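Shown next, in structure tokens, is the structure this report addresses.
Whatever order the structure lists ligands and atoms in, that order sets their numbers, starting from 1. Small disclaimer: the values here were computed from a predicted structure and weren't measured.
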Amino acid sequence: MTFVRACGLSELEEDTPKRVELDGTPVSLVQTGGEVFAIHDICSHANVSLAEGEVDDCHIECWLHGSRFDLRSGKPDALPATRPVPVYPVKIEGDDVLVSLTQES
Ligand code: FES
């Protein structure tokens with residue numbers, strides 16, 4: 001599994017998604033409850049950035065139609081989205097947030 005630096009840990013604010021591009025892949029980074037999650041930044045329902053949505057209870061909500069995706073699994077728990085969004089492994093090293101795009105979990 002290859003990890004690449006996505007951003008600095010100090011750049012993340014609690015429950016405020018940050019959109020980054022890693023090797024051309026849009027990824028939303030979310031720090032919540034003392035953990036950092038990386039989720040693909042495009043809603044599985046339509047071409048909308050999840051980073052513009054709200055974070056609550058380890059879920060990110062798509063602002064357009066309200067589907068909520070679990071940050072741990074990428075699974076939606078509210079329609080209209082029915083397909084999961086990829087999530088990516090995260091490692092923290094010092095102030096570096098590292099993400100692996102090579103193995104989705
Ligand atoms: S675009 Fe995300 S729920 Fe419709």
When you look at H59 and R72, which way does the side chain to side chain contact (heavy atoms under 4.5 Å, CB included) test go after all the steps?
-> CA-CA 8 Å; H59 288 70; R72 296 157 291 206; 4.0 Å; yes
Run the numbers on E61 and D56 for side chain to side chain contact (heavy atoms under 4.5 Å, CB included), then give the verdict.
-> CA-CA 8 Å; E61 183 176 314; D56 182 45; over 6 Å; no
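Of all atoms in ligand 1, listed by their number and element, those nearer than 4.0 Å to a heavy atom of C43 are 1 (S), 2 (Fe), 3 (S). Near V48, with a cut-off below 4.0 Å to any heavy atom, the atoms of ligand 1 are 1 (S). Residue contact check: C62 has heavy atoms under 4.0 Å from atoms 1 (S), 2 (Fe), 3 (S) of ligand 1. Close contacts between ligand 1 and A46 involve ligand atoms 1 (S) [criterion: under 4.0 Å to a heavy atom].
The angle that H65 ND1 and H45 ND1 make at atom 4 (Fe) of ligand 1, rounded to 10°, works out to 100°.
When every heavy atom of G74 is checked against every heavy atom of I39, the shortest pair comes out as CA-CD1, 4.2 Å. Across all non-hydrogen atoms, the minimal contact from S100 to Y88 is O-CB, 3.3 Å.
For the pairing with V30, the side chain to side chain contact (heavy atoms under 4.5 Å, CB included) check across V90, V36, V55 returns one residue only, V55.
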